[in-house]
Amino acid sequence: MSRKLITDAQNTWCPRCGNFAIQHTLKDVLTGMEEEGRSQDNVVLVTGIGCHGKMADYLNINSFYAIHGRTIPVATGIKIANPDLSVICCAGDGDAYAEGLTHMIFAAKRNIDITLIVHDNRVYGLTTGQYTPTSPLNFHGRSTPAGSLEKPFNPLELALVSGSTFIARAYTRKLDHLRSTLREAIDHRGFSFVDVLQICATYYNMTESYNARVYELEDHDPADFNAACAKMREWDYSSDAAIALGTFYRTSAPTFDEEFSKGRQGDEERKGAIAALLDQRV
Ligand code: SF4
Ligand code: MG
């Protein structure tokens, strides 16, 4: 019998928060995987600190509530210890792009086979509205009442140059697209990165602006690195440009966990050879 994936824990997300969309989309994706014979027992969710982190309480799946910015090292350890698991990280934009930025870069560089879903509401929601690395220039928030002085960075470009083998953007008000994108990311072998434009209804509600500007990628070849880079640069996370949703880049490359397993087999062979030599001496 399939399990009830939404827990009975009291949900404290604000009404109209985009986290609900990610929660229910993950539920649908996990249900679909189970129907195809992939047990939910083989899925592990790792969350960080922030509003998104409560996903560990609200989804009835194996989970690990990590400390701030540390979803990826925890997920990496889980994947290396048990390569048969599907390991999914839910992280916030503060969590992944500020506190945990180097972990994201090195996960992409190593091509560890995990999925990183960033709930990118472009604000620190849990701490009531400070600017993050993807907040726009001149963001008026709790820590920058006169407007932030820093331009945001583009996390997709960062993932691309760091070596990520799957890079996509989705939006919490485009549910079908979000569902197919998360499923594609989980199925991809290697480091999959999805920047989800997640509505923070309370501290940075971009619903009207995003609704007017998002469009789904068409006639785009995700195997083309330069085309992916050009598409990513259409919007710099600050301007009012159109915002592409979809899979910008996808390629295949050896994964860190596979290479690590081979190394472990090599260790066993070496140990065997040493034991054989010692036997000969006796
Ligand atoms: Fe969602 Fe923003 Fe409320 Fe956090 S503060 S629960 S991100 S709407
Ligand atoms: Mg945030």
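Order of appearance sets the numbers: ligands from 1, and atoms from 1 within every ligand. Values reported hereafter were calculated over all heavy atoms of this structure, with side chains retained and with hydrogens, waters and symmetry mates removed.
- Salt bridge D236/K151: absent, no basic N to carboxylate O contact under 4.0 Å.
- Every atom of ligand 1 is numbered from 1 in the order shown, and the set under 4.0 Å from a heavy atom of Y203 is 5 (S).
- Protein N/O/S atoms found under 2.8 Å from atom 1 (Fe) of ligand 1, listed by chain and residue number: C17 SG.
- Few gaps surround OH on Y124; more than 12 heavy atoms of other groups in view lie less than 6.0 Å from it.
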**Prompt:** Given the rule in the salt bridge (Lys or Arg N to Asp or Glu O under 4.0 Å) test, do D257 and K262 qualify, once you have shown the distances and angles that lead to the verdict?
**Reply:** CA-CA 9 Å; D257 36 295; K262 282 185 205 161; over 6 Å; no
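- In this structure, E36 places its CD atom where more than 12 heavy-atom neighbours from other residues, nucleotides or ligands lie under 6.0 Å away.
- Listed by chain and number, D93 OD1, N121 OD1, V123 O are the protein N/O/S atoms closer than 2.8 Å to the Mg ion (ligand 2), with waters left out.
- For R189 and D113, the salt-bridge test fails: no basic side-chain N is under 4.0 Å from an acidic carboxylate O.
- In this structure, V196 shares a hydrophobic cluster with L5, I6, W13, F20, I22, L26, V29, L30, M33, V43, L45, M55, Y58, L59, I61, I88, I117, F166, L175, L178, L182, I186, V194, the cluster being traced through Ile, Leu, Val, Met, Phe, Trp and Tyr side chains under 4.5 angstrom apart.
- Within the structure, ring-ring contact (aromatic ring centres under 6.0 Å, His included) contacts touching residues 98-118 (residues at least two apart or in different chains) do not occur.
- Ring centers of F225 and Y249: under 6.0 Å apart, within the cut-off.
- Across all their heavy atoms, A66 and V46 have their closest contact at CB-CG1, 4.1 Å.
- Between D187 and R38 there is a salt bridge, since a side-chain N of the basic residue sits under 4.0 Å from a carboxylate O of the acidic one.
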